[in-house]
Peer 1: 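Please find one structure pasted underneath; my questions will follow.
Remember, it's a predicted structure, so these values are computed and weren't measured experimentally.
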Amino acid sequence: MPTSSASTTDASKPSAASGGVQSLERAFDLLERMADAGGEVGLSELSASSGLPLPTIHRLMRTLVACGYVRQQANRRYALGPRLIRLGESASRLLGTWARPYLARLVEETGETANMALLDGDEIVYVAQVPSKHSMRMFTEVGRRVLPHSTGVGKALLAHTPPEEVRALLARTGMPAATEKTITTPEGFLDALEQVRHAGYAVDDNEQEIGVRCLAVSVPNSPTAAAISISGPAGRVTEAATERIVPILQGIAEELSAALANTGQG
């Protein structure tokens, strides 16, 4: 009978494990839905978007609140919790580490400084850079934050965002001029995003800094909105150079996308 008893115990394990995995998947799905909704939602909104029953969502949210990944507001709505910040910062650093070999190839093939940036809230944050070998080269500090409207990576990251969301972002951040060539109107920026969608790449033409041109593309299907770019003196990053560099940028973005999709796959 001991054999029979052990067999019964083992048979119950897959079911429990399956339930645990399903709960984990649902919890992460809810966190992502909260992020997509701007970070704060009500239970009924989560139920409508996820299709899960309210009791299930309430149970999962209670667990997430207890762990610090979600907090309940005074208005009874739920918001992403501060404990996620540490995870996000660590993940951003790792993302930059994974990207560096691809950025190094970008430098080798284009001769210009290569960058990777993410959209974090309403700002662009640079998470990785490999500098050009030229004595005259561009340098952006990793961790630097800038507003999207004056950068090539900002245009690349926002190119497929609905216009009303872009307008709302610009209303929150304002559109200060970094140079006389910075786009400072929502209409002008939306026109620039249309050009990005048409061309397949974004350009910062002396808009963040006079004398500097930047070419950027988004990383397709990235787990978080990401873009890579090259930047260099306007005298080197010419229209003729752009025709040569853009296909290289796009190819490496595709390779980086595939690598990120396979990260952690066994």
Peer 1: Less than 3.5 Å apart, any donor N or O on the side chain of Asn115 or Ser229 sitting next to an acceptor on the other?
Peer 2: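 The criterion, which ignores hydrogens and geometry beyond distance, is satisfied for Ser229 and Asn115.
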Peer 1: Identify which one of Leu60, Val70, Val41 satisfies the side-chain contact (heavy atoms from CB on, under 4.5 Å) criterion when paired with Leu30.
Peer 2: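 Passing option: Leu60.
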Peer 1: Would Tyr201 end up clustered with Leu158 when hydrophobic side chains under 4.5 Å apart are linked, directly or stepwise?
Peer 2: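 They do not share one cluster, since no chain of ILVMFWY contacts under 4.5 Å joins Tyr201 to Leu158.
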Peer 1: Inspect the contact between Lys155 and Glu194 and indicate whether a charged nitrogen and a carboxylate oxygen are less than 4.0 angstrom apart.
Peer 2: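 Here Glu194 does not pair with Lys155 in a salt bridge, since their nearest N and O are not under 4.0 Å apart.
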Peer 1: Would you find a donor on one side and an acceptor on the other, under 3.5 Å apart, between the side chain of Ser257 and the backbone of Ala253?
Peer 2: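 Answer holds: no.
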Peer 1: Do any N or O atoms from the side chain of Thr238 and from the backbone of Ala234 form a donor-acceptor pair under 3.5 angstrom?
Peer 2: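 Answer holds: no.
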Peer 1: Are the side chains of Arg33 and Ser50 in touch, meaning some heavy atoms are under 4.5 Å apart?
Peer 2: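 Yes - at least one pair of side-chain heavy atoms lies under 4.5 Å apart.
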Peer 1: Between Glu112 and Val107, is any pair of side-chain heavy atoms under 4.5 Å apart?
Peer 2: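 No - every pair of side-chain heavy atoms lies 4.5 Å or more apart.
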Peer 1: Taking Thr179 for the side chain and Asn206 for the main chain, is one N or O donor matched with an acceptor at less than 3.5 Å?
Peer 2: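 Checking the backbone N and O of Asn206 against the side chain of Thr179, a donor-acceptor pair under 3.5 Å is found.
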Peer 1: Would you indicate whether the side-chain heavy atoms of Met116 and Gln129 approach each other to under 4.5 Å?
Peer 2: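 Gln129 vs Met116: side chains apart.
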Peer 1: Between Glu255 and Arg105, does at least one N-O distance fall below 4.0 Å, as a salt bridge requires?
Peer 2: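 Arg105 and Glu255: salt-bridged.
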Peer 1: May I ask whether Val217 and Val125 are part of the same hydrophobic cluster, defined by side-chain heavy atoms of I, L, V, M, F, W, Y residues being less than 4.5 angstrom apart, directly or through others?
Peer 2: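 Yes, same cluster.
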Peer 1: Tell me the closest heavy-atom pair linking Tyr126 and Val153, and the distance in Å.
Peer 2: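 Shortest heavy-atom contact: OH-CG2, 3.7 Å.
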Peer 1: Kindly state each residue pair satisfying salt bridge (Lys or Arg N to Asp or Glu O under 4.0 Å) with at least one member in residues 164-178, sequence neighbours excluded.
Peer 2: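 Sorted pair list: Asp122-Arg172, Arg167-Glu187.
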Peer 1: Please step through side chain to side chain contact (heavy atoms under 4.5 Å, CB included) for the pair Arg145 and Ile124, ending with a clear verdict.
Peer 2: CA-CA 5 Å; Arg145 291 174 174 272; Ile124 300 299; over 6 Å; no
Peer 1: For Tyr102 and Leu256, work out which heavy atoms get closest and say how close.
Peer 2: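 That would be CD1-CD1, 3.7 Å.
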Peer 1: Measure from the side-chain N and O atoms of Ser132 to the backbone N and O of Gly111, and report whether any donor-acceptor pair falls under 3.5 Å.
Peer 2: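 Flag set: sc Ser132 to bb Gly111 pair under 3.5 Å.
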Peer 1: Would you find a donor on one side and an acceptor on the other, under 3.5 Å apart, between the side chain of Ser222 and the backbone of Ala225?
Peer 2: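 Pair absent, no side-chain N/O of Ser222 close to backbone of Ala225.
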Peer 1: Is Thr182 reaching over with its side chain to a backbone N or O of Glu207, donor-acceptor style, under 3.5 angstrom?
Peer 2: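 Such a contact is found between Thr182 side chain and Glu207 backbone.
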Peer 1: Can you list the steps and then say if Ser23 with Arg59 is a side chain to side chain contact (heavy atoms under 4.5 Å, CB included)?
Peer 2: CA-CA 10 Å; Ser23 293; Arg59 174 175 56 81; 4.0 Å; yes
Peer 1: Within a strict 4.5 Å, meaning less than it, do heavy atoms of the Leu106 and Val130 side chains meet?
Peer 2: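 Answer no - side chains too far apart.
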Peer 1: For residues Ile230 and Thr113, determine if any side-chain heavy atom of one lies less than 4.5 Å from a side-chain heavy atom of the other.
Peer 2: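 A side-chain contact is absent here, since even the closest heavy-atom pair is not under 4.5 Å.
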Peer 1: Does the distance from a Lys or Arg side-chain N to an Asp or Glu carboxylate O, for Glu45 and Arg77, drop under 4.0 Å?
Peer 2: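 Arg77 and Glu45: salt-bridged.
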Peer 1: Membership question, hydrophobic clusters at under 4.5 Å side-chain separation (ILVMFWY): are Val212 and Val146 in the same one?
Peer 2: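 Each belongs to a different hydrophobic cluster.
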Peer 1: State, to 0.1 Å, how close Tyr78 and Met34 come at their nearest heavy-atom pair, and which atoms those are.
Peer 2: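 Taking every non-hydrogen atom into account, O-CE, 3.5 Å.
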Peer 1: With a 4.5 Å heavy-atom cut-off, do Tyr69 and Leu80 have their side chains touching?
Peer 2: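 Answer no - side chains too far apart.
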Peer 1: Does the side chain to side chain contact (heavy atoms under 4.5 Å, CB included) test come out yes or no for Leu46 and Leu52, once each step is laid out?
Peer 2: CA-CA 8 Å; Leu46 282 176; Leu52 294 174; over 6 Å; no
Peer 1: Indicate yes or no: at least one non-hydrogen side-chain atom of Pro163 is less than 4.5 angstrom from one of Val166.
Peer 2: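 Result no, sub-4.5 Å side-chain heavy-atom pair not found.
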Peer 1: Assess whether side chain to side chain contact (heavy atoms under 4.5 Å, CB included) is satisfied between Val203 and Leu215, documenting all intermediate values.
Peer 2: CA-CA 5 Å; Val203 181; Leu215 307 174; 3.9 Å; yes
Peer 1: Over all heavy atoms of both residues, which pair between Ala177 and Thr184 is shortest? Give the atoms and the distance, please.
Peer 2: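 The answer is CB-CG2, 3.9 Å.
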Peer 1: Which heavy atom of Leu103 sits nearest a heavy atom of Ala114, and at what distance?
Peer 2: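 Between these two residues, the closest heavy atoms are O-CB, 3.5 Å.
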Peer 1: Look at the side-chain heavy atoms of Ile, Leu, Val, Met, Phe, Trp and Tyr, link any pair under 4.5 Å apart, and say whether Leu157 and Ile252 land in one connected group.
Peer 2: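 In one cluster: no.
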Peer 1: Out of curiosity, does Val127 fall in the hydrophobic cluster containing Leu249 (side-chain heavy atoms, cut-off under 4.5 Å, transitive links)?
Peer 2: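 Yes; Val127 is reachable from Leu249 via cluster members.
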Peer 1: For Glu239, is there an ion pair with Arg213 - N to carboxylate O distance below 4.0 angstrom?
Peer 2: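 Answer for the salt bridge query: yes.
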Peer 1: If hydrophobic residues (ILVMFWY) are linked whenever their side-chain heavy atoms come closer than 4.5 Å, directly or via other members, who joins Val196 in its cluster?
Peer 2: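 When side chains under 4.5 Å apart are linked, Val196 ends up in no cluster with other residues.
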Peer 1: Evaluate the side-chain hydrogen bond (donor to acceptor under 3.5 Å, both in side chains) criterion for residues Gln195 and Arg197: first the C-alpha distance (whole Å), next the side-chain angles of each, then the deciding distance (0.1 Å), finally the verdict.
Peer 2: CA-CA 5 Å; Gln195 293 174 26; Arg197 290 191 292 272; over 6 Å; no
Peer 1: Looking at Asn75, I want to see if its CG is surrounded by more than 12 non-hydrogen atoms of other residues, nucleotides or ligands under 6.0 Å.
Peer 2: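 Correct, the count exceeds 12.
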Peer 1: May I ask you to check whether Ser150 and Gln208 show a side-chain donor-acceptor distance below 3.5 Å?
Peer 2: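 There is such a pair (donor and acceptor under 3.5 Å, judged by atom type) between the side chains of Ser150 and Gln208.
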Peer 1: Check which hydrophobic residues are tied to Leu147 through side-chain heavy-atom contacts below 4.5 Å, counting indirect links as well, and list them.
Peer 2: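 For Leu147, no cluster forms, as it stays isolated from other hydrophobic side chains.
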Peer 1: Can you check whether Arg71 reaches Pro82 side chain to side chain, under 4.5 Å on heavy atoms?
Peer 2: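 Yes, side chains in contact.
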Peer 1: Considering all heavy atoms of both residues, which atom of Ala227 and which atom of Ala156 are nearest to each other, and what is their separation?
Peer 2: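 Closest approach of Ala227 to Ala156: CB-CB, 4.2 Å.
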